[in-house]
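Throughout, a chain's letter reflects where its sequence line sits, starting with A, and its residues are numbered from 1.
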Amino acid sequence: MPPLLEGISEAFYLILTFDPYLMRIVFLSLQVSGTAVLLSTLVGVPLGTFLGLKPAGRTRLISKLLYTLMGLPPVVAGLVIYLLFSRMGPFGVLGLLWTPAIMIIAQFVLALPIIAGLTMIAIRSRGKTIQETALTLGAGKLLTAWTVVRESRFAIFGAIVTGLGRVIAEVGAVMMVGGNIAGRTRVMTTAIVLETGKGNFELAVGLGLVLLLIAFIINSLLYRFQEGGKNSAW
Amino acid sequence: MPPLLEGISEAFYLILTFDPYLMRIVFLSLQVSGTAVLLSTLVGVPLGTFLGLKPAGRTRLISKLLYTLMGLPPVVAGLVIYLLFSRMGPFGVLGLLWTPAIMIIAQFVLALPIIAGLTMIAIRSRGKTIQETALTLGAGKLLTAWTVVRESRFAIFGAIVTGLGRVIAEVGAVMMVGGNIAGRTRVMTTAIVLETGKGNFELAVGLGLVLLLIAFIINSLLYRFQEGGKNSAW
Amino acid sequence: SGCAQAPAPIAPHPQEEASAEPVEKPVEEAVADKYIIMATTTSTYDSGLLDVLLPAFMEKYGIEVQVIFKGTGQALELGQRGDVDILLVHDRASELRLVEEGYFSDRHDVMYNDFVMVGPAADPAGVKGMAKVTDAFSAIAGGGYTFLSRGDDSGTYRRELKIWEKAGVSDFRDWYLSVGQGMGDTLRMTSEMQGYTLTDRGTYLSLKDKLDLEIVLQGDPVLFNQYGVMAVNPQKHAHVKYASTQKFIDFMMSPEGQDIIASFRIGGESLFFPGKGIKD
Amino acid sequence: MRGEEIILEVQNLSKVYDKEVLKLEKFSFQRGKIYGIIGPSGAGKSTFLRLLNLLEPPTTGSIYFKGKAVSMNGDAALAVRREMTMVFQKPLLFRSSVSENVAYGLKARRFPKEKTQERVEILLAKVGLKGFANRNAGTLSGGEAQRVALARAVAFEPALLLLDEPTANLDPSNVELIERLILDLNRETGMTFIMVTHNIFQARRIAQEVVFLHEGRIVEVGETEKIFTDPQDQRTRDFVEGRMIY
Amino acid sequence: MRGEEIILEVQNLSKVYDKEVLKLEKFSFQRGKIYGIIGPSGAGKSTFLRLLNLLEPPTTGSIYFKGKAVSMNGDAALAVRREMTMVFQKPLLFRSSVSENVAYGLKARRFPKEKTQERVEILLAKVGLKGFANRNAGTLSGGEAQRVALARAVAFEPALLLLDEPTANLDPSNVELIERLILDLNRETGMTFIMVTHNIFQARRIAQEVVFLHEGRIVEVGETEKIFTDPQDQRTRDFVEGRMIY
Ligand SMILES: Nc1ncnc2c1ncn2[C@@H]1O[C@H](COP(=O)(O)OP(=O)(O)OP(=O)(O)O)[C@@H](O)[C@H]1O
Ligand SMILES: Nc1ncnc2c1ncn2[C@@H]1O[C@H](COP(=O)(O)OP(=O)(O)OP(=O)(O)O)[C@@H](O)[C@H]1O
Ligand SMILES: [Mg+2]
Ligand SMILES: [Mg+2]
């Protein structure tokens, strides 16, 4: 009767048996979302740092824009990318549609505003002082930026986790551009939607739990790379 | 041929003519997501503040949990809520399925971890000192908490915007529990999915742009409630 | 573009229906319901038929029909769980089985159309001109031409599986893509990839303008597609608005309702035919 | 009654971080007095104040406020904090205007709004910051910020004020201003002060009793003049005389 | 050559926030000297240092480092910053260990790693913080933090060091330690110091030349002894004599 409980036992079953169907989509999920978040981090953290160090007044418009893009509906992002890369679109010749590569592009577009925006906010609160301290000590641009990022690592970690959360749980865009092709572009979320559509609620819940478990493990690993923000009050 | 451009003109057309179909779903979107984010803020900001003021060591597990829940796939959330509120589920008698109320519940569940988690991170960086200052000045628990929140308003604003972005752009959960019933539970995102499925890309892109525009306006309004985080370096 | 000929005429059968078991109707409610909730499949919803059918019903009975569209599997599940009042779906075998099991009652074959095979205009597999869909499927498998499958347990997918079985194909390789999506999306992908797929005629017709695909095979009796309407059995779920669903079923089956179905067209072409189009 | 009633007392107080940084056996502060706490950097002065103000749980020992044992999380903590306040060595000003900062404690005590503005103005004048009311607190100079923090602490007239290096960033004339303010408040309202200062001259100028803290222990306590003219311990002697370089 | 070569010069420098807080016509600092900048709280001392260190763009005017005009965003800024550093009034320590903090400037200059640790240890000993190398910088006491910030700044032996109240949080013996360090560095390496201090005794003890800043203007400049014994301006006189309360 209770499909929720069945979902839990289903999840355990899938994991413990190393179900090959599951393994494959888990692996693809990790590959796609991992790459996308990595790229978004590489672009978004420097961008957010740069914006965060500018006076708030001068970045008002771009801040609002970033906030708005944080709310970019994945299905719209997916649709636009689809239209650009479709056979008749401007980048159709690349033939990227229905490949993991284009799923990475879509997720990159979704994670970037979040990572850049939240980094910007984090830097804005204390970054200026850190920047000045680094500069006075003779740090070049790169070391200065790195120092600012390092000092804000707790909040930036939060930004990355939020970005990861957004894309690994996202279904609209990857469905749109990836096509949910079994064995090729099927990831956890599209598999969940498929099973839900079939009315296999137990399997869908089970897959969802596996996804959450994976997210938990990733977060726990990432967590080690940062320490809780210490502070002292003399 | 270019459906992107057509989408833009479509968006303008829909807005300028106050298209009643559009108005209705825009209104419902705002109502559902607005209420959900409001509730998540009311719960998440105090929760995040509370956790942020605890030493990082003691909240390690709950932090990781929050981070994980930030990545809760909306479709899983939707599915679980559906199973709980379905006629055969424990809360079936309430008859909330396919109503805006249950969509609010679903979005609340999705926004809460984000708002609480990002608030926690924000508070952790400077909250302890603020709390101590307030306490020494004789502030009670409530005023102390309020002061901590107020001083971190820039980052908390970011948390709320991120939460709002997540739910207003979300489609899986509201589709699952709301059912996308025309005139009753159809919101912007489910409308976009519907039009995409029908191949009406222009209308879908147009709706997407309207959604982004609305997000932009909301963010701009919210933006006024906070000021850029000032800081001074003597 | 590619529809060369009208769908194979298949004679409508008389209206009377072998409703599985008569249901003991609960006491007629004094107050009429404001609305009932119907689950249907995406293809039905996307066709636009309900946009003419439901207002007419509303006009007559003052009851609104709120529509939720889902995959066939999910729609049936929603009905079994009592989360909707009535279903309009096209998976006859499952429908009859679930009526048998007592989940649904008052099932009627309300309308039908057919499945068609679509593919690129160039038709690399040479399906055009074949009469039997099994031959076409064999040709595709033999030549390894791209074929997209719904892969989602829908009525269409179940039909497709049956055809593969009949054609004796069991070795699915790279050319066979299981996309796990709705009909509209599958068609879009097929068009992008210039492959073949099996689709219901209604969805294809409503998307035709946006696709670079033609009908390459139609009219094989195997491709028959029957829609049924059925109410959730109030003996399983006492809360359903059974009386109102009866009104709706009556309306669908009435000459007026059947007439609306018959005269619904897109671009001059009929999407559905009233009544039952198949012998049991 | 000055100096006879005990306002604050500690017993067996200790604080251990990596190592023990504070260890006091028993010490009482009397109402209405001005105490100076002196000692080298790292002696545990700030830690001592933080423990007294219930901001940090002691590793062992207890604190008694007006005879009652109090702890950081107890119900009594708020009541105690209403009568006792502290100005940090590195004060934090809230991100708002100077006047909102000064009014904060008044607001917490539901002081009538009409009178708040007036009192804020008076206090700002007293700390030499007339006309600063509407300035953004984040843009103040080091010394200005320190004075705002002090004004904020005395605004609600606490019975006991803990000051951690209150004039560290001030020039002589402002030091004089602040010292005069402390003496006035002590005389007029009977406010008790416990002031940490690295400036032994300052201790000598305004403290009635001096506590010399060294490596977390109270080495010597006594009336100010006695400590300065006739210290009993060699370490005290070194600190107040030998090294009296300014 | 000490005192004859000009290391830093400003011309027509001004800074306006809500109102003008700094306005200097022309002033030059000579290599190898120790300057003391004194003046009341809010006089513009920190602002002056921040402008000199290219942290803030001046509203008008120019700054010349070794004869070349330099600005905050110019290409030359990094080169200048490599030779000049500043210790803030409220220094920020990075959230890492004490030794990483002290080594920061060395790392920025690609100082050989093997030698870094050694130099860090030596410097920590010089500022009285032996054994603090592995401590988390966030847990230091006020005076300890101030000394770490100073050690961090002198570690890479800059030609010019701007100090903003470097001993504000220190007790006499530590003040002595720091002053001796400054004097030693000045003597041994010819390092130029521009030190803001509210402590006129300190200025008198170690500065060779004193600048008296008042309401954003240089009121008087001169050799230390002259300023203290024979000030020309009434305001200077008031500041160094009349109010010389400690
Ligand atoms: N961002 C700003 N906006 C407005 N006024 C400012 C700003 N920054 C500094 N000021 C003002 O400029 C004046 C000079 O400040 P500065 O920090 O240079 O003083 P200072 O001489 O270092 O004082 P102190 O000894 O108290 O540190 C002060 O009155 C200060 O309030
Ligand atoms: N969280 C901590 N972890 C480890 N050691 C600490 C911590 N906090 C303080 N200490 C150490 O405890 C000692 C006392 O610190 P405290 O801040 O009380 O000194 P202080 O007397 O106020 O010194 P100063 O005059 O320099 O401000 C210092 O050596 C400091 O490094
Ligand atoms: Mg201290
Ligand atoms: Mg200053």
Other residues, nucleotides, ligands: >12 heavy atoms within 6.0 Å of E/Arg82 CZ: yes

Quick check against the 3.5 Å criterion: does E/Thr85 have a side-chain atom that pairs as donor or acceptor with the backbone of A/Thr136? yes

Could you check whether atom CZ of A/Phe27 has more than 12 heavy atoms from other residues, nucleotides or ligands sitting under 6.0 Å from it? no

Would you say that more than 12 heavy atoms from the other residues, nucleotides or ligands in this model lie under 6.0 Å from the NZ of E/Lys126, or not? no

Nearest heavy atoms of E/Ala108 and A/Ala139, plus distance in Å: CB-CA, 3.9 Å

Is E/Leu78 close to chain A through its backbone or its side chain, or both, or neither, when contacts mean heavy atoms under 4.5 Å? side chain

Distance, nearest 0.5 Å, that separates CE of E/Met86 from CD of A/Glu132: 8.5 Å

Within 6.0 angstrom of A/Lys64 NZ, more than 12 heavy atoms from elsewhere: yes

Once you round to the nearest 0.5 Å, how far does CZ of E/Phe94 lie from CZ of A/Arg150? 9.5 Å

How many angstroms lie between atom CD of A/Gln131 and atom CG of E/Leu55, to the nearest 0.5 angstrom? 9.0 Å

Please report the interatomic distance CD1(A/Ile130) to CZ(E/Arg95), rounded to the nearest 0.5 Å. 7.0 Å

Distance from A/Leu143 atom CG to E/Arg109 atom CZ, nearest 0.5 Å? 10.0 Å

Exam field: side chain E/Arg81 to backbone A/Gly138, donor-acceptor pair closer than 3.5 Å: no

If we only count heavy atoms from C-beta on, is the E/Tyr104 to A/Thr133 side-chain gap below 4.5 Å? no

Counting only heavy atoms from other residues, nucleotides and ligands, does the tally under 6.0 Å from CZ of A/Phe50 exceed 12? no

Structural part of A/Leu142 lying under 4.5 Å from a heavy atom of chain E: neither

For atom CG of A/Leu38, decide whether the heavy atoms of other residues, nucleotides or ligands shown that lie under 6.0 angstrom number more than 12. yes

